[in-house]
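Convention: sequence-line order gives letters A, B, ...; per-chain numbering from 1.
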Protein chains: 2
Amino acid sequence: METGKLQHPDSGDERRERKRRQILAVAREIFLRDGYAGASMSEISACVGGSKGTLYAYFASKSELFRAVLEDSLTRHEAEVSGTIAGGGAPGEVLRAFSERFLEVLLRPENLALIRLVYAEAGRFPEVGQAFYDSGPANAEQHLADYIRGAVEQGYLRADTDPLLAARQMILLSQGWIHNRRLWNVTPAPSEAEIRENAHAAVRTFLAAFGA
Amino acid sequence: METGKLQHPDSGDERRERKRRQILAVAREIFLRDGYAGASMSEISACVGGSKGTLYAYFASKSELFRAVLEDSLTRHEAEVSGTIAGGGAPGEVLRAFSERFLEVLLRPENLALIRLVYAEAGRFPEVGQAFYDSGPANAEQHLADYIRGAVEQGYLRADTDPLLAARQMILLSQGWIHNRRLWNVTPAPSEAEIRENAHAAVRTFLAAFGA
DNA sequence: CCGAAACCGTACCATACCGTACGGTCGAGA
DNA sequence: TCTCGACCGTACGGTATGGTACGGTTTCGG
């Protein structure tokens, strides 16, 4: 009743939602490309096709649009990385899979741009950094620590392992030097082989420190 | 002759150089606070005291000022970190000193702001990232790798250690989770004890992987 | 088929930006 | 004391910004 009939492919709410997503997609692209201060509402509305009045009918201000773009972008890769450790099992292969996937996700151009943007704005807008941390690194950290705790209990890892510390070190090693060099834009995108190599090295060091 | 007499405390060139440094200091502060797009030449000139015309007599454009600020900022901590590994010696204490100093330098508010700024602009201005990398991380990486190579030859570390890989992993572990959380602005400045703890954990993991 | 709501195009406001220009002032060197 | 260059204060030009207003048009539910 309040949402209209399903027969029609273009009910009001659906239409509005579609437009909203379209605006978010365009705005996301421009924010990631130019940064918060560098992006322009006029350009966004021009790129999205409609008028600026319409844009302001969907989002009350630039900062609110920015917030919505971030919120939308952050909920994308929640499960993708954590999925690699959901099953449990022996650390060697699980951690290798995690490390590879983790770095591969971090290195996608869209995510590099997002990470740059968050770093840039976190100083002035603490809630940006907080939102990013909560919906990304905090999850990875927690899930990995849980897995490690289980692996310790099963005797795969040393009994005196601090799961949280081990998880954080594993994440740092997985992220690797490549990630920094990509953020600094001083090296082209690495091959899959390099990513695998990094994961291999990370796991080797991790297991040397925490393996049973 | 070409630089004027030393008797007078205020020769022309000296005066110019002083003003230049003053401008750089103020501009640095504002760029680090507001980012490149967010900073304003008018505010900089107002903060520095003089007129905008004078500002443009020293730096031809905003981008050139930005470049000069970066160049000036990057040459500060060259030796401070590398000094901790200059002497050589057994890895345990040397690496601990390196790790502590490294993280402590990274966590200084001015450097956090600089790192944020570089991350933010490296995507659009590759030369910014390159300059930063060359004058900072590349040096640390190289010096640490050299030290590790020496330690391997002296039998302190495993013979099959890849010095460059080991150096990079050591840097990643030293930088630690704290550094990221500070960049994301989700945690207050850590105590010295936390920094020492991080260094301790980094060295422990490193030696487990590469110790002889 | 009607009426209302959403949307478009465009013009507009106030502000801020970068960069320039210009007349006045001050201090140093001759 | 005179000259000259650097500096100051200020104002300005041209452009772009975030955000608003408004009349005309399309779209959709009833």
Specify the separation, in whole Å, of atom [atom1] of [X] and atom [atom2] of [N].
{"X": "B:Arg20", "N": "D:dA6", "atom1": "CZ", "atom2": "P", "value": "16 Å"}
{"X": "B:Glu64", "N": "C:dG19", "atom1": "CD", "atom2": "P", "value": "10 Å"}
{"X": "B:Asp34", "N": "C:dA16", "atom1": "CG", "atom2": "P", "value": "14 Å"}
{"X": "B:Glu43", "N": "C:dC18", "atom1": "CD", "atom2": "C1'", "value": "14 Å"}
{"X": "A:Ile30", "N": "D:dG18", "atom1": "CD1", "atom2": "P", "value": "11 Å"}
{"X": "B:Tyr36", "N": "C:dC17", "atom1": "OH", "atom2": "C1'", "value": "12 Å"}
{"X": "A:Leu55", "N": "C:dT10", "atom1": "CG", "atom2": "C1'", "value": "16 Å"}
{"X": "A:Phe66", "N": "D:dG18", "atom1": "CZ", "atom2": "C1'", "value": "16 Å"}

Would you please confirm or rule out a distance under 4.0 Å between OP1 or OP2 of [N] and any side-chain N or O of [X]?
{"X": "A:Ser40", "N": "D:dA16", "answer": "no"}
{"X": "B:Tyr56", "N": "C:dA21", "answer": "no"}
{"X": "B:Lys19", "N": "D:dC8", "answer": "yes"}

Name the closest nucleotide to the [X] side chain, picking from [options].
{"X": "A:Met41", "options": "C:dC18, D:dC7, D:dG18", "value": "D:dG18"}
{"X": "B:Lys62", "options": "D:dG19, C:dG19, D:dC8", "value": "C:dG19"}
{"X": "A:Lys52", "options": "D:dG19, D:dC8, C:dG19", "value": "D:dG19"}

Open item on the list: Can you confirm if the NZ or CZ of B:Lys62 lies within 45° of the ring axis of B:Tyr36 and under 6.0 Å from the centre of its six-membered ring?
Closed with: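 Yes, a cation-pi geometry.
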- [ ] Between A:Ser51 and A:Ala37, name the one whose nearest nucleotide on DNA chain D is closer to the 5' end.
- [x]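 Here A:Ala37 is the residue nearer the 5' end.
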TODO: Identify, between A:Ala60 and A:Gly38, the residue whose nearest nucleotide on DNA chain D lies closer to the 5' end.
DONE: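 The residue mapped nearer the 5' terminus is A:Gly38.
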Open item on the list: With a 4.0 Å cut-off on N to O distance, would you call B:Glu71 and B:Arg67 a salt bridge?
Closed with: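 Salt bridge between B:Glu71 and B:Arg67, a charged N being under 4.0 Å from a carboxylate O: no.
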Open item on the list: Need one value for A:Tyr58: base, sugar-phosphate or nothing, where a base atom within 4.0 Å counts as base even if backbone is also close, heavy atoms only.
Closed with: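 If one applies the 4.0 Å heavy-atom cut-off, A:Tyr58 turns out to touch the sugar-phosphate alone, with no base involved.
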- [ ] Could you check whether A:Ala46 gets within reach of a base, just the sugar-phosphate, or nothing at all, counting any heavy atom under 4.0 Å?
- [x]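 Since no nucleic acid heavy atom lies under 4.0 Å of A:Ala46, the category is nothing.
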Open item on the list: If you count every heavy atom of other residues, nucleotides or ligands that lies below 6.0 Å from B:Arg21 atom CZ, does the total exceed 12?
Closed with: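 Incorrect, the count does not exceed 12.
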Open item on the list: Could you check whether B:Tyr58 and B:Gln22, counting side-chain N and O atoms only, form a donor-acceptor pair closer than 3.5 Å?
Closed with: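 Distance-only check fails for B:Gln22 and B:Tyr58.
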Open item on the list: Please report the interatomic distance CD1(B:Ile171) to CG(B:Leu106), rounded to the nearest 0.5 Å.
Closed with: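 That separation rounds to 9.5 Å.
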